[in-house]
Amino acid sequence: MISYGKQSVDESDFEAIKKVLEGDWLTQGPFVDCFEDDLKSYFKSNSACVVSSGTAALHLSGIALGWGKNDIVITSPITFLATANSIVYSGATPDFVDIDSNSYTIDLNKLEEKIKSYHLSNKHIKAIIGVDFAGHPCDWESIRFLADKYNIKLINDNCHALGAKYKGKKHYAIKYADIVTQSFHPVKHITTGEGGSILTNDLLLDQRVRELRSHGMVRNAKSGLTDGESPWYYEMHNLGYNYRITDLQCALGSNQIKKLDSFINKRIEIAKIYDFEFKELEYLKIPKNSDLINHSYHLYPLLVDFDKTKLSKIEFFKVMKHNGINLQVHYIPVHLQPFYKTKYGFNKGDFKIAEQFYEKEISIPIYPDLDEKDIYLISDLIKKNIN
Ligand SMILES: *Cc1c(COP(=O)(O)O)cnc(C)c1O
């Protein structure tokens with residue numbers, strides 16, 4: 001069965017993990033620092049703090065930015081649950097802004113309207129989490145402009161977009177956002193099994209997330225109440241978690257990041273074939289690659305006008321599965337989840353572009369090890385069954 005996404009591991013990854021097993025540390029050893037250094041140099045951030053998942057990265061970012069009750073945090077309805085859930089974890093109130101119908105990222109005009117309407121009712125938006133959906137960066141320069149104007153913090157949930165470019169720059173994410181969060185889940189660009197990271201140029205934020213990833217423990221005592229010199233000594237000032245990642249995983253991460261550029265190039269090559277195969281076809285819309293950005297294709301979101309096709313979306317999924325292709329849909333708009341409807345009163349019709357997108361979207365297989373013959377098998381099957 002061919003799935004929409006899959007990790008790419010080889011002999012060099014096995015060797016990297018074996019080296020850790022032969023050493024002294026399995027968790028919190030030298031490879032954690034090493035992977036953090038690799039991330040800092042690839043993404044050009046002052047600091048990188050690796051954690052147990054992308055979700056943990058979002059959770060700690062919200063705490064570090066001081067979110068709490070009465071704070072409003074905005075994100076896109078077209079994202080993984082974890083983005084919105086991280087707002088709820090901190091006790092803040094989530095709200096959404098609809099997506100743009102070409103980039104599938106947050107709509108800038110609607111974002112400005114939303115900010116202004118909160119402003120008029122004397123409510124302050126604490127932060128915006130922009131999601132670089134599928135590997136297409138948001139219009140970060142414009143978001144930064146609004147954030148500065150209205151004193152709003154910015155997180156880039158960059159889980160889909162490692163290696164994407166905005167205005168020609170691969171390290172755009174940390175250039176515009178206060179915090180960048182990443183995930184190394186097996187379907188993402190590089191993997192550590194489970195894993196994530198928090199990139200920032202703000203050393204105070206980095207210090208906070210480091211403290212929180214390990215129970216809130218600090219070794220160099222701040223309060224001076226007890227003997228800070230004692231080698232066993234630690235203090236806890238803030239409630240933290242065990243969100244650490246292991247040395248085993250970080251060794252894998254360091255080896256994977258060496259291959260990131262080649263992984264992205266493979267994804268771009270596959271996308272080019274799909275673009276060529278689908279671009280002239282009625283009922284199909286291929287993902288856009290504007291002048292501003294270079295897509296990194298974590299996903300290949302193909303939009304199908306199922307209102308007009310003979311097969312319904314469910315029937316089409318069944319036919320593809322019967323032929324060994326497991327498609328996916330990214331995503332069911334978060335505001336339509338029962339939890340968000342019940343707790344915050346969202347409803348169908350609130351974010352219409354996102355809802356229309358959901359009706360049409362299919363994520364077709366794209367990952368570095370996808371065979372060329374399978375790429376054509378998939379595109380031929382789609383062309384045969386979408387009419
Ligand atoms: C994968 C993903 C996450 C969560 O990452 P995990 O490592 O699975 O916890 C968050 N946001 C987005 C957009 C993602 O794709």
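Order of listing sets the numbers, starting from 1, for every ligand and every atom in it.
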Check ligand 1 against the protein and report each N/O to N/O distance under 3.5 Å, formatted as atom name, atom name, distance.
residue, atom, partner, partner atom, Å
ligand 1, 5 (O), Ser183, OG, 3.3
ligand 1, 7 (O), Gly54, N, 2.8
ligand 1, 7 (O), Ser183, OG, 2.7
ligand 1, 9 (O), Gly54, N, 3.4
ligand 1, 9 (O), Thr55, N, 2.9
ligand 1, 9 (O), Thr55, OG1, 2.5
ligand 1, 11 (N), Asp157, OD1, 3.4
ligand 1, 11 (N), Asp157, OD2, 2.8
ligand 1, 15 (O), His160, NE2, 2.8
ligand 1, 15 (O), Lys188, NZ, 2.9

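Side chains of Ile264 and His189 form a contact here, defined as non-hydrogen atoms less than 4.5 Å apart. Considering only heavy atoms from C-beta on, Ser312 stays 4.5 Å or farther from Phe306 through its side chain.
Counting heavy atoms of neighbouring residues, nucleotides and ligands inside a 6.0 Å radius, atom NE2 of His124 exceeds 12 of them.
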Show your working on salt bridge (Lys or Arg N to Asp or Glu O under 4.0 Å) between Lys170 and Asp261 and close with a plain yes or no. CA-CA 11 Å; Lys170 206 157 63 175; Asp261 285 338; 3.2 Å; yes
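Within the cation-pi definition used here (under 6.0 Å to the ring centroid, within 45° of the axis), Lys153 does not qualify as a partner of Tyr176.
Residue pairs meeting the salt bridge (charged side-chain N to carboxylate O under 4.0 Å, His left out) criterion with at least one partner in residues 39-59, sequence neighbours excluded, are Asp37-Lys40.
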